[in-house]
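For the numbers below, each heavy atom of this structure counts, side chains included, while hydrogens, waters and symmetry mates do not. In listed order, ligands and their atoms are each counted from 1.
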Amino acid sequence: MPMNIAIDGPVGAGKSSIADQVAERLNILHLDTGAMYRAFGLHALRSGVDMASEAALSALAEGVDVQVRYENGAQRTLLFGEDVSELIRTGEVSAAASAVSKWPAVRRRMVRAQQEMARTADMLIDGRDIGTVVLKDSPCKIFLTAQAEERARRRYLQQMAKGDTTPYEQVLRELNARDEQDMNRKTDPLRRAQDAVLVDSTNMTQEETVEAIVRIVEEVYGKQ
Ligand code: DC
């Protein structure tokens, strides 16, 4: 049985960067499942389908080709063979990913692909439904969160560093809107699995958060 670790949490909890560092420490792969929903969201935007139409998005999900590859340990996300890893990081694609991910047919397709990958290698997987659905039998689940204002502050500073001048209030508003949507959809909403360990990073540095998660993993799987 491969070592499979689940990390879930809301927008901007630092899942991706923390998960990257934890995976590096443990020398295992990190699968960012949000990137797969983002790639599908980009496909939906490009196709011009109605984001509120379950029928249109289910049909689109049937024919989509989203794949993940690793280059020197880093995830690359491919849409019909095109590397879209950078293109999927815009605000427009974030909103599209959240909108398309509520439809069951879209989720089924992505979940199946994620479970297939998890079977092949030791992997740390982050997303919204990893502990509750994708790796529901995993013995090692973490729910990583922080207060919304702190998550928005971190995201705001990150974006500023990249030259994006979106005001803090807007970042907070968009973050809350996406959380609302992700927590209140009918299919596999974001929630903490009963057996997930809660890590609240509001008052923790990145290093402390990584340390805390590595310790949780070691308690389950032993020292790596
Ligand atoms: O983790 P992220 O912000 O890159 O995810 C983008 C969107 O994709 C998120 O708003 C909800 C959706 N998502 C999901 O529904 N299930 C997952 N396992 C991962 C992401």
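Listed by number with element, the atoms of ligand 1 under 4.0 Å from a non-hydrogen atom of Asp182 are 9 (C), 10 (O), 11 (C). Shown in contact with Ser101 at under 4.0 Å from a heavy atom are these atoms of ligand 1, numbered in order with element: 11 (C), 12 (C), 15 (O). Residue contact check: Ser98 has heavy atoms under 4.0 Å from atoms 10 (O) of ligand 1.
Ligand 1 has Asp129 within reach: a non-hydrogen atom of the residue lies less than 4.0 Å from it. Within the structure, ligand 1 lacks Lys102 among the residues with a heavy atom less than 4.0 angstrom away.
For ligand 1, none of its N or O atoms has an N or O atom of Asp32 under 3.5 Å away. Of the N or O atoms in Lys15, none lie within a sub-3.5 Å distance of an N or O in ligand 1.
Among protein heavy atoms, the minimum distance from atom 4 (O) of ligand 1 is reached at Arg38 NE, 2.6 Å. Scanning all protein heavy atoms for the shortest distance to atom 8 (O) of ligand 1 gives Tyr37 CB, 3.5 Å. Protein heavy atom nearest atom 19 (C) of ligand 1, with residue, atom name and distance: Thr33 OG1, 3.4 Å. The shortest contact between atom 2 (P) of ligand 1 and any protein heavy atom is with Arg128 NH2, 3.6 Å. Nearest protein heavy-atom neighbour of atom 6 (C) of ligand 1: Arg178 NH1, 3.5 Å. Remark: minimum distance from atom 16 (N) of ligand 1 to any protein heavy atom is reached at Arg107 NH2, 3.0 Å.
Using a 4.0 Å cut-off between a side-chain N of Lys or Arg and a carboxylate O of Asp or Glu, Asp32 and Arg89 qualify as a salt bridge. Remark: Glu150 engages Arg154 in a salt bridge, criterion side-chain N to carboxylate O under 4.0 Å. Here Glu218 does not pair with Arg215 in a salt bridge; the nearest charged N to carboxylate O distance is not below 4.0 Å. Using a 4.0 Å cut-off between a side-chain N of Lys or Arg and a carboxylate O of Asp or Glu, Glu211 and Arg25 qualify as a salt bridge.
Each ring pair (Phe, Tyr, Trp, His ring centres under 6.0 Å) pair with one or both residues in residues 78-106, not counting sequence neighbours, appears once here: His43-Phe80.
Other members of the cluster containing Leu78 do not exist, because no ILVMFWY side chain is joined to it at under 4.5 Å.
Counted within 6.0 Å of CD on Gln170, heavy atoms from surrounding residues, nucleotides or ligands total more than 12; the atom is thus considered enclosed.
In this structure a side-chain-to-backbone donor-acceptor pair under 3.5 Å is missing from Ser47 to Val49.
The residue Met183 has no part lying near ligand 1, judged by heavy-atom distances below 4.0 Å. Contacts with ligand 1 closer than 4.0 Å are made by no heavy atom of Met110, backbone or side chain.
The only option from Arg76, Arg69, Arg46 that meets the salt bridge (charged side-chain N to carboxylate O under 4.0 Å, His left out) definition with Glu82 turns out to be Arg46.
Asp65 and Gln67 are linked by a side-chain donor-acceptor pair at a separation below 3.5 angstrom, with hydrogens and angles left out of the test.
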